[in-house]
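Structure record follows, encoded as structure tokens.
Just so you know, these numbers come straight off a predicted model, no measurement behind them. By convention in this document, chain letters (A, B, ...) are assigned in the order of the sequence lines, proteins followed by strands, and residues within each chain are numbered from 1.
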There are 2 protein chains.
Amino acid sequence: MPRSSVVPLRETLPADGASAVACPRPAEVARGPCGHCDLGALAFCDGFAARIVSRLSRVQCTQRFEPHDTLFREGDPGAAVYSVVSGALKVYKLMPDGRRQITGFFFRGDMFGFCLDGTYAYSAEAITPVGVCRLPMRRLNELAETAPEVQHRIMGRMTAKLAYFHDHVLLLGRKTARERVATFLLGLAERARRRGDPWSPLALPMGRTDIADHIGLTVETVSRAMTWFKRQGLIDLPNPSSVSIRQPDALRAIADGSAEV
Amino acid sequence: MPRSSVVPLRETLPADGASAVACPRPAEVARGPCGHCDLGALAFCDGFAARIVSRLSRVQCTQRFEPHDTLFREGDPGAAVYSVVSGALKVYKLMPDGRRQITGFFFRGDMFGFCLDGTYAYSAEAITPVGVCRLPMRRLNELAETAPEVQHRIMGRMTAKLAYFHDHVLLLGRKTARERVATFLLGLAERARRRGDPWSPLALPMGRTDIADHIGLTVETVSRAMTWFKRQGLIDLPNPSSVSIRQPDALRAIADGSAEV
DNA sequence: CGGCCATCTTGATGCAGATCAACGTATATC
DNA sequence: GATATACGTTGATCTGCATCAAGATGGCCG
């Protein structure tokens, strides 16, 4: 049995922890399509007709969470989807003995929280301070009935997530440790680039343990792979939470499994 | 590097192989919501208004494939989604060196073929003789604009697939060989039960190599796990392509990682 | 400044599952 | 019925990564 991080199954923060500000209506954050966030083109509601934006704006609710806060837990009734406004968070499943699998990291512009049978199949926890835009699924469905573009956008986000899972399943099922780490780093860099964040040096807000629990390895193996890349001159590690990608092509070759090494 | 089945990267059948009958319009199969299949409540169009069913019926196209036929290949322009009418098929991704990851098996009532940027991110191949109902994505989107129930159903299928991936990623990232095989067998049985097929003895239309390439193991390890379950009296293997689940609870305990062994 | 704690890295060792190698078993072909 | 071919099972050995163990590094707080 692989070790994973073996979460002690202790109680984490209640989902409605004190640090979660409940739905402040005033537009306190900044400019954006609906006035509630500063995501611009990354916002879920970007490009929608004014009528739709205004209705979304009325049903949405902005929340903030601190590191280690739990947004919701596996098994909770799943009433809403979330759009990340700022910060980073992770979504994971636990096994009865504490083995953990992180099924996704989410950043500015990402959406998560889709669920089947009205129950979340996984838990969500903030990594850094996080701002989210919470959209009740019921309201979203109502709105979507008369606004095909809403449905279309939701489906687009879900399709992207499905594509990501196909890749990740290939990674977990068939790639070696170094291939996994290389793939992970390049994937993070690509996502940073797409949302307009610096991708080299690339920020690694999550710890080594989280990385390990995402790509099916142990902390030690992740660390060794990183050190090896560094010694090969493929990356630089100015500090544990950022990476400079020095030779993207070489890293890409490793990630694809086409490297000669 | 795990061995996987190392597909020789040879050319398989062209996607429009001779055996694929192109869109016979007459309702040749049997009774069903739209008259083109006999899926009943499993059909994509089940329960839709007559107007919708009739429009779906006009844009759909029934195809048949023989074992080893390729429906589409990774990188092909992705113009349609498929609903399985009969038979079994698999969807997979390849690495440049031939390592293969099967990302899903599909049976009667299942849908697949959702794709991002109009390009399939994976290949699809028939395992047994297969009948599918092909729905052009463009037409489906048009229809969905005025029929929220269509959008809603598509989203439901996608959400189910996302939930499956969360579970499968946990399996691949954190479960042992026996846990994986137990989980796989129970998952197949559950799906068979839901679609009204016999679940014990359970049919295994796919070979051991396919199973291995789905759950991230080698054929030998899959075989050994099965033999072990058999010796423990948890299952019976009347022949390689069917399993009788003798002790579902014990198997479930292993699958969950809560077994004492 | 110094001690503490969490996190990351590095080294030594062990083992689950991959690999290599036969050997059954079943279906197809002539 | 003999032969061939694909697939599944079983055994022996090897190895990549997990595990165990111990430093290094750095932020935080008294």
Side-chain angles (χ1 to χ4, degrees), chain A residues 1-8 67-68 97-101 127-128 171-182 204-213 215-231 235-243 254 257 261, chain B residues 1-8 10 66-68 97-101 127-128 171-182 184-185 204-213 215-231 235-243 254 257 261:
Chain A
M1 179 196 303
R3 190 185 60 180
S4 140
S5 64
V6 186
V7 175
H68 305 296
D97 63 2
R99 276 176 279 173
R100 185 179 66 157
Q101 177 67 37
I127 293 175
T128 64
L171 176 149
L172 291 171
R174 290 302 176 217
K175 291 192 181 183
T176 66
R178 279 175 196 166
E179 287 166 0
R180 292 179 197 210
V181 175
L204 297 179
M206 71 292 289
R208 297 287 187 270
T209 307
D210 283 351
I211 298 177
D213 280 349
I215 62 180
L217 299 172
T218 57
V219 205
E220 294 93 328
T221 304
V222 170
S223 181
R224 277 186 249 271
M226 299 268 240
T227 308
W228 189 85
F229 291 151
K230 186 175 161 185
R231 269 203 298 267
I235 63 171
D236 245 5
L237 289 167
N239 61 70
S241 62
S242 62
V243 204
I254 292 172
V261 190
Chain B
M1 183 196 302
R3 190 183 60 180
S4 141
S5 63
V6 186
V7 175
R10 54 151 163 64
E66 292 305 313
H68 304 296
D97 61 3
R99 275 176 281 172
R100 186 179 65 157
Q101 176 66 39
I127 293 174
T128 65
L171 177 149
L172 291 171
R174 291 300 176 217
K175 290 192 180 182
T176 66
R178 280 176 195 163
E179 287 167 0
R180 293 179 197 209
V181 175
F184 174 74
L185 292 177
L204 298 179
M206 71 293 291
R208 298 287 188 270
T209 306
D210 283 351
I211 297 177
D213 281 349
I215 60 179
L217 300 171
T218 58
V219 206
E220 294 94 328
T221 303
V222 171
S223 182
R224 276 186 249 270
M226 300 266 238
T227 307
W228 189 84
F229 291 151
K230 186 176 161 184
R231 270 203 298 266
I235 64 170
D236 245 5
L237 289 167
N239 62 69
S241 62
S242 62
V243 206
I254 292 172
V261 189

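The nearest pair of heavy atoms linking Met226(A) to Ile235(A) is O-CD1, 3.7 Å.
The distance from atom CD1 of Ile215(B) to atom C1' of dA16(C) is 15 Å, rounded to the nearest whole Å. Rounded to an integer number of Å, the gap from CG of Asn239(A) to C1' of dA24(D) is 15 Å. The interatomic distance linking Leu204(A) (CG) with dC8(C) (P) rounds to 10 Å, in whole Å. Atom P of nucleotide dC8(C) and atom CZ of Phe229(A) are separated by 17 Å, given to the nearest angstrom. Atom CG of Asp213(A) is separated from atom P of dC8(C) by 12 Å (rounded to the nearest Å). Atom C1' of nucleotide dA16(C) and atom CD1 of Ile254(B) are separated by 16 Å, given to the nearest angstrom.
Partners of Ser223(B) under the side-chain hydrogen bond (donor to acceptor under 3.5 Å, both in side chains) rule, at least two apart in sequence or in another chain, do not exist in this structure. Evaluation of the side-chain contact (heavy atoms from CB on, under 4.5 Å) rule for Ser241(B) yields Asn239(B) as partners, not counting sequence neighbours. Among residues two or more places apart in sequence or in another chain, the side-chain contact (heavy atoms from CB on, under 4.5 Å) test is passed with Ala225(B) by Arg178(B), Val181(B).
Dashed line: the shortest gap from a side-chain N or O of Thr218(B) to OP1 or OP2 of dA18(C) is under 4.0 Å.
With Val219(A) as reference, Thr209(A) is the one residue of Asp213(A), Thr209(A), Asp210(A) to meet the side chain to side chain contact (heavy atoms under 4.5 Å, CB included) rule.
Under 4.0 Å is where a charged nitrogen must lie from a carboxylate oxygen, and between Arg174(B) and Asp97(A) no such pair does.
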Quick one: which protein N/O atoms are closer than 3.5 Å to N/O atoms of nucleotides 9-13 of chain C? Pair and distance per line, please.
residue, atom, partner, partner atom, Å
dT9(C), OP1, Arg208(A), NH2, 3.4
dT9(C), OP2, Arg208(A), NE, 2.9
dT9(C), OP2, Ser223(A), OG, 2.9
dT9(C), O5', Ser223(A), OG, 3.1
dT10(C), OP2, Thr227(A), OG1, 2.7
dG11(C), N7, Arg224(A), NH1, 2.8
dG11(C), O6, Arg224(A), NH2, 3.2
dA12(C), N6, Arg224(A), NH2, 3.4

